[in-house]
There are 2 protein chains.
Amino acid sequence: MLSVVLIGTGKVSAKLQQAFSRSEEIKLLAVYGREERKGEILPSGQIVSSISEFEHETDIIVIAVQDDAISIVQKEIGATNALVVHTAGSIPMNVLLPIERRGVFYPLQTLSADREVDFSSIPICLECAMVEDNELLEELAGSISGSVNWINSGERQRLHLAAVFTNNFVNHMIRQAEKICEQHDVPKEMLHPLLDETIAKAKELGAFKAQTGPAIRGDMSVIDKHIKLLPETVQQELYKTISASIQYEYESQL
Amino acid sequence: MLSVVLIGTGKVSAKLQQAFSRSEEIKLLAVYGREERKGEILPSGQIVSSISEFEHETDIIVIAVQDDAISIVQKEIGATNALVVHTAGSIPMNVLLPIERRGVFYPLQTLSADREVDFSSIPICLECAMVEDNELLEELAGSISGSVNWINSGERQRLHLAAVFTNNFVNHMIRQAEKICEQHDVPKEMLHPLLDETIAKAKELGAFKAQTGPAIRGDMSVIDKHIKLLPETVQQELYKTISASIQYEYESQL
């Protein structure tokens, strides 16, 4: 049984709280929020208002706060015997220095307040400073997910960058398609089968082989027509830059 | 029973040939290819070498060739009593003039030689010049798909543009993520759960509400770090342009 203290009251913390609470291998001692009144009531009925209350009896402290706040929380924690990990994709582990037993517990997923997430398939990316903590951290990750991965700070930053393309940028492309449908009274649900097949194809063949469309064909007449159809300059720039990037991607392979 | 002649030997024609052959409501009379030796052997054992062979006995001629070739094929067909439709997203119906009974049969999907496609859920976008042909065209579409939609040439061009964002551009974003993984020996399959959740979320909430990430948060320190991590100038341009577009999208809503 691992005892865990969770710091943060945002989306990541909320989802981890759910996952940890459901795991029989974890005893979630406390969830600590920045403001006292945000301290959450745990299943046991405890309300937590200070980190130090539980510090001496916890195995692991998980800091799930905004990137900028990690070093502030680290200072608040001060000296501790627990393993301290943060959950951020783009922040190096050493932001937790001078804490000796430090590490990272990064769930590679987009978490929203209003969506249930099945943690069992979410890849958890782990890193820790002391080899002695490997087993402990792996136990924590294994208790909620079947995908446990050791990824160092440099790789993790790049994985987070890849995640921005996979989630944020893919979503923005879908948004542009939605807007075009909204502007012309075409139901955006008509695009869903295409979206599903796009993803299935990219996963099966890899996105390099799956690419189709006017840009890879070099079909300038369709490209020009599309650019003229876009009402906003920003959308036109987007279309041009992405088309140029697709063309570069395949020309540079010749 | 509808009798159909299919023109073209590319991906769209191949997939339509499969779908029509499976439908009990359709009699596929012939598949005609540009070059005589490309004429395909039909289930009935017939080899077709000339369009005119079947013209007098078919209800519908489906032209499934490259955009540029549609008007050439239309001239080859010449005068006909059949309903003639093309399958292109971005070409107006009137490219088929002076044919009177003309129309469009556009399947909104990405079709690949090496992937099975279930036509039953693919939206088919229909248009025709003569009201008298509505029923016939709807019968053709309904014989292979449960999603039949009347969309005029102007709307269809915009739907095709939306499809470019949904498929081509989404796929290119996934390609960039794959490349980052390849460059740093991180298995790209680690991104698949994130990709699945991204799509599920965009479909459920709509992409406008689903947007997250450094660009919408205005987190310039992460954005700058990411741009520096990208090895190619083209990738950096892509990252900057898309981030600017995300910021514009949400600022313009304020």
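Each chain gets a letter, A, B and so on, in the order its sequence line appears, and its residues count up from 1.
- Residues A/Y239 and B/F169 bring their aromatic ring centres within 6.0 Å.
- For the pair A/E237 (side chain) and B/T241 (backbone), a donor-acceptor distance under 3.5 Å is absent.
- Using a 4.5 Å heavy-atom threshold, the side chains of B/T212 and A/K11 count as touching.
- When each of B/Q235, B/E155, B/R158 is checked for heavy-atom pairs under 4.5 Å with chain A, B/R158 comes out on top.
- Contact of A/D67 with chain B is made through the side chain alone, with heavy-atom distances under 4.5 Å.
- To the nearest 0.5 Å, atoms NE2 (B/H172) and CD (A/E249) are separated by 5.5 Å.
- Remark: B/I180 CD1 to A/L161 CG distance equals 3.5 Å, nearest 0.5 Å.
- If you measure heavy-atom distances from A/I216 to chain B, you find no contacts under 4.5 Å at all.
- Relative ring orientation between B/H226 and A/H160 is described as tilted, the plane-to-plane angle lying within the 30° to 60° band.
- Using a 4.5 Å cut-off between heavy atoms, B/S147 does not touch chain A at all.
- Taking both residues in full, the closest heavy atoms of B/M190 and A/L108 are given as O-CD2, 3.5 Å, listed atom of the first, atom of the second, then distance.
- For A/K209, no part sits under 4.5 Å from any heavy atom of chain B, backbone or side chain.
- Both the backbone and the side chain of A/V170 come within less than 4.5 Å of a heavy atom of chain B.
- Comparing A/Q157, A/K240, A/E204, A/E197 by how many heavy-atom pairs each has under 4.5 Å with chain B, the most go to A/E197.
- The shortest side-chain heavy-atom distance between B/M173 and A/I242 falls under the 4.5 Å cut-off.
- Looking at A/Q183, neither its backbone nor its side chain comes within 4.5 Å of chain B, counting heavy atoms on both sides.
- When B/R217, B/E232, B/E189, B/K188 are compared by the number of non-hydrogen pairs under 4.5 Å with chain A, B/E232 comes out ahead.
- Of all heavy-atom pairs spanning B/A202 and A/I174, the tightest one is CB-CD1, 3.9 Å.
- Ranked by heavy-atom pairs under 4.5 Å with chain A, the first of B/I122, B/D118, B/L230, B/I91 is B/L230.
- Counting heavy atoms from C-beta on, the side chains of B/D196 and A/K203 come closer than 4.5 Å.
- Both the backbone and the side chain of B/L194 come within less than 4.5 Å of a heavy atom of chain A.
- Heavy-atom pairs under 4.5 Å with chain A were tallied for B/A162, B/C181, B/G89, B/S90; the largest tally goes to B/A162.
- Residue B/R115 comes nearest to A/A200 through the heavy atom pair NH2-CB, 3.5 Å, listed as atom of the first residue, atom of the second, then distance.
- Annotation for A/S121 and B/P193: closest pair O-CG, 3.4 Å, computed over non-hydrogen atoms.
- Residues A/S245 and B/Q176 come closest through the heavy atom pair OG-NE2, 4.3 Å.
- The contact between B/K179 and chain A is made entirely by side chain atoms (from C-beta outward), counting heavy-atom distances below 4.5 Å.
- If you measure heavy-atom distances from B/P214 to chain A, the contacts under 4.5 Å come from both the backbone and the side chain.
- Between chain B and the residues A/G206, A/A244, A/P187, A/G154, the largest count of heavy-atom pairs under 4.5 Å involves A/G206.
- Side chain of B/Q211 to backbone of A/N168: a donor-acceptor contact under 3.5 angstrom is found.
- Comparing A/V186, A/L191, A/I151 by how many heavy-atom pairs each has under 4.5 Å with chain B, the most go to A/L191.
- A/A207 approaches B/N171 most closely through the heavy-atom pair O-ND2, 2.9 Å.
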Verdict with reasoning, B/T198 to A/N167, per side chain to side chain donor-acceptor pair (under 3.5 Å): CA-CA 6 Å; B/T198 300; A/N167 170 266; 2.9 Å; yes

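- Taking OG1 from A/T166 and CD1 from B/I199, the interatomic distance works out to 10.0 Å, rounded to the nearest 0.5 Å.
- Of all the listed residues (B/N149, B/D68, B/V222), the one sharing the greatest number of non-hydrogen pairs under 4.5 Å with chain A is B/N149.
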Audit row: A/L238, B/F165, side chain to side chain contact (heavy atoms under 4.5 Å, CB included) steps and yes/no: CA-CA 10 Å; A/L238 201 61; B/F165 278 95; 4.1 Å; yes

